[in-house]
K.L.:
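Quick one: structure below, then a few questions.
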Amino acid sequence: MNAAQSSYSVFILIYSIFAGIAAIQFLVNLAFIVINELDKQASIWTIFTPLNTSLFCGILSTTGLLITRAISFCVPAGISPFWFPFTELIFVAFYETTYIFFSWSRSGRLLGSVTSMKTYMVIYYMVMISPLVFLFPIIPALCAIFLSPENPLYLFMSWTSSAGQFLAGVTVATLDSILVVAFSRNAKLSLIGREVNKEFHIVTVYGIISCIMICTCDIIYAIVQITPDPMLHETQFSVLAALLVVINMVQFAMKVSLHQYKISERSKANAVAGTLSLNEQLARESIVKGTALERDGHFTRLASELKPIT
């Protein structure tokens with residue numbers, strides 16, 4: 001390890017620790033879903049719902065980004081350092097894509113309940129085409145790798161990739177802001193005492209937290225791109241890495257809370273069904289008993305009316 005690498009050894013350790021935490025998050029998520037959501041009669045593939053798939057891919061993208069960042073400080077001679085920022089860009093694009101799809105899977109129904117159908121469909125199509133915006137910066141970045149820095153086209157490709165990354169960040173922030181408005185409307189209904197869907201309330205609380213954190217990530221990522229000082233650059237990126245790991249935790253916490261709510265609702269429904277069943281059984285027994293008493297009374301009156309034969 002040379003002097004430059006030695007000065008960044010603390011960041012190698014930080015990124016390695018965060019990557020390890022992200023890997024553990026993936027295993028914990030997988031275990032939770034297999035234990036609580038996999039039907040014993042069903043295939044393992046049934047756990048790959050849109051929500052679960054987005055969550056899995058988001059965590060894997062975080063892990064890959066952090067591993068790539070840690071390895072980039074230990075680049076052996078002969079390997080172009082440009083490949084590492086390019087690989088990071090791929091993981092960032094996939095993280096943005098999976099985050100938006102996770103948000104939509106989580107909040108689509110809530111959004112539909114507080115907006116008009118026209119607004120809902122506009123946002124839906126924005127979500128569907130957003131991956132094109134997120135993945136676009138990869139193309140000029142790849143072209144720039146094979147161009148000489150002295151080539152005028154290199155500068156154009158680099159600028160295009162940076163502009164694409166900025167547009168991707170704005171897209172994430174815009175879609176998140178729309179969801180925050182939906183969350184805020186739902187929260188307002190709760191604050192003024194109106195009855196709201198408990199599931200929507202859980203999504204609202206965790207959704208607002210996630211939205212605030214992802215917007216913070218967008219701001220930090222933009223600052224990272226224009227920070228000239230290397231040490232400050234890595235310090236900012238390490239904060240960004242920590243936020244990504246925490247966002248994954250928040251998303252998993254929301255999933256656990258929704259699971260507990262559904263179990264609670266199922267228990268209440270079973271209790272109500274059990275009470276109704278018991279009441280029905282008691283009612284049937286009462287009817288049978290009443291019929292038997294009525295029949296016995298009828299025979300008693302009949303017997304009293306009959307005079308003995310002498």
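Numbers for residues simply follow the sequence, beginning at 1. All values reported here derive from a predicted model rather than from experimental measurement.
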K.L.:
Quick one: closest heavy-atom pair of Ser238 and Ile14, and the distance?
P.N.:
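Shortest heavy-atom contact: CB-CG2, 4.2 Å.
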K.L.:
Does Met117 share a hydrophobic cluster with Tyr124, counting links as ILVMFWY side-chain heavy atoms below 4.5 Å and allowing steps through other members?
P.N.:
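Yes, same cluster.
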K.L.:
How are the rings of Phe86 and Trp83 set to each other: parallel, tilted or perpendicular (split at 30° and 60°)?
P.N.:
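Taking Trp83 first and then Phe86, their aromatic rings stand perpendicular (interplane angle over 60°).
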K.L.:
Apply side chain to side chain contact (heavy atoms under 4.5 Å, CB included) to the pair Leu258 and Val203, showing each step before the final yes or no.
P.N.:
CA-CA 8 Å; Leu258 288 174; Val203 171; 4.2 Å; yes
K.L.:
Quick one: CG on Leu153 to OG on Ser148, what's the gap to the nearest 0.5 Å?
P.N.:
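Going from CG on Leu153 over to OG on Ser148, the span is 11.0 Å.
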K.L.:
Nearest 0.5 Å please: distance from the CZ atom of Phe237 over to the CG atom of Leu65.
P.N.:
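Nearest 0.5 Å value for the CZ-CG distance: 4.5 Å.
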K.L.:
Taking the side chain as C-beta and beyond, is there a heavy-atom pair between Phe73 and Glu234 under 4.5 Å?
P.N.:
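Phe73 reaches Glu234 side chain to side chain.
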K.L.:
Can you tell me how far CG of Leu89 sits from CZ of Phe134, rounded to the nearest 0.5 angstrom?
P.N.:
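Phe134 atom CZ to Leu89 atom CG measures 12.5 Å (nearest 0.5 Å).
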K.L.:
For the residue pair Asp218 and Gly169, what are the closest heavy atoms and their distance?
P.N.:
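Heavy-atom minimum between the residues: OD2-O, 3.4 Å.
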K.L.:
Could you tell me which non-hydrogen atom of Ala241 sits nearest to which non-hydrogen atom of Phe18, and how far apart they are?
P.N.:
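Looking at all heavy atoms of both residues, the shortest contact is CB-CD1, 3.9 Å.
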K.L.:
Closest heavy-atom contact between Pro137 and Ser161?
P.N.:
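What the structure gives for the nearest pair is O-OG, 3.1 Å.
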K.L.:
Rounded to the nearest 0.5 Å, how far does OG1 of Thr62 lie from CD1 of Ile247?
P.N.:
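Reported value, rounded in 0.5 Å steps: 8.0 Å.
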K.L.:
Indicate, with yes or no, if Leu243 and Val92 share a hydrophobic cluster defined by side-chain heavy-atom contacts under 4.5 Å among Ile, Leu, Val, Met, Phe, Trp and Tyr.
P.N.:
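Same cluster.
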K.L.:
State, to 0.1 Å, how close Ala22 and Ile59 come at their nearest heavy-atom pair, and which atoms those are.
P.N.:
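So the minimum-distance heavy-atom pair works out to O-CG2, 3.1 Å.
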K.L.:
Side chains of Met254 and Phe102: closer than 4.5 Å at any heavy-atom pair?
P.N.:
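Yes; the side chains approach each other to less than 4.5 Å.
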K.L.:
For Asn52 and Thr49, does a side-chain donor sit closer than 3.5 Å to a side-chain acceptor?
P.N.:
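Their side chains do contain a donor-acceptor pair, which is all the 3.5 Å distance test asks for.
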K.L.:
Can you tell me how far apart CD1 (Ile100) and CE (Met128) are? Round to the nearest 0.5 Å.
P.N.:
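If I round to the nearest 0.5 Å, the distance is 10.5 Å.
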K.L.:
Examine Ile220 and Ile226 and state if one hydrophobic cluster contains both, with Ile, Leu, Val, Met, Phe, Trp and Tyr joined whenever side-chain heavy atoms are less than 4.5 Å apart.
P.N.:
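Shared cluster, no.
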K.L.:
Determine whether Phe11 and Met231 make a side-chain contact, defined as any pair of heavy atoms from C-beta on separated by less than 4.5 Å.
P.N.:
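Phe11 vs Met231: side chains touch.
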K.L.:
Compare all side-chain heavy atoms of Asn248 with those of Tyr95 and state whether any distance is below 4.5 angstrom.
P.N.:
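Side-chain contact under 4.5 Å: yes.
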K.L.:
With heavy-atom distances below 4.5 Å as the criterion, would you say the side chains of Val245 and Leu66 are in contact?
P.N.:
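Yes, side chains in contact.
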K.L.:
Is Arg106 close to Phe101 at the side-chain level, that is, under 4.5 Å between some pair of heavy atoms?
P.N.:
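The answer is no; the side chains never approach within 4.5 Å.
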K.L.:
Flag the pair Phe252 / Phe32 as yes when their ring centroid distance falls below 6.0 Å, and as no otherwise.
P.N.:
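Close enough - the centres of the two rings lie under 6.0 Å apart.
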K.L.:
Return the minimal non-hydrogen interatomic distance between Pro149 and Tyr154, and the atom names on each side.
P.N.:
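It is CA-CD2, 3.6 Å.
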K.L.:
Verify the neighbour count for atom CZ of Phe166: are there more than 12 heavy atoms of other residues, nucleotides or ligands below 6.0 Å?
P.N.:
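Incorrect, the count does not exceed 12.
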K.L.:
Please answer: with hydrophobic residues joined when any side-chain heavy atoms are less than 4.5 Å apart, are Phe48 and Leu55 in the same cluster?
P.N.:
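Yes, it is one cluster - the side chains of Phe48 and Leu55 are joined through contacts under 4.5 Å.
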K.L.:
Transitively linked via ILVMFWY side-chain contacts under 4.5 Å: Val256 with Val250?
P.N.:
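Yes, Val256 and Val250 fall within the same hydrophobic cluster.
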K.L.:
Can you see whether Gln225 engages Ser162 through a side-chain donor-acceptor pair at a distance of less than 3.5 angstrom?
P.N.:
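Absent: no donor and acceptor within the cut-off.
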K.L.:
Nearest 0.5 Å, please: how far is CD in Gln236 from CD1 in Ile219?
P.N.:
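CD of Gln236 is found 12.5 Å from CD1 of Ile219.
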K.L.:
Any side-chain heavy atom of Phe26 within less than 4.5 Å of one from Thr63?
P.N.:
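Of all side-chain heavy-atom pairs linking Thr63 with Phe26, none is under 4.5 Å.
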K.L.:
Indicate whether any N or O donor in one side chain lies under 3.5 Å from an N or O acceptor in the other, for Tyr221 and Gln165.
P.N.:
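Yes, side-chain donor-acceptor contact under 3.5 Å.
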K.L.:
Evaluate the side-chain proximity of Ser210 to Tyr99: yes if any heavy-atom separation is below 4.5 Å, no if none is.
P.N.:
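SC-SC contact between Tyr99 and Ser210 confirmed.
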K.L.:
What about Tyr125 and Trp104, are their ring centers closer than 6.0 Å?
P.N.:
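Here the rings of Trp104 and Tyr125 have centres that are no less than 6.0 Å from each other.
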K.L.:
Spell out, as yes or no, whether a donor-acceptor pair under 3.5 Å connects the side chain of Thr174 to the backbone of Val170.
P.N.:
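Flag set: sc Thr174 to bb Val170 pair under 3.5 Å.
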K.L.:
Run Phe156 and Thr160 through side chain to side chain contact (heavy atoms under 4.5 Å, CB included) and show every step you take.
P.N.:
CA-CA 6 Å; Phe156 173 76; Thr160 304; 3.7 Å; yes
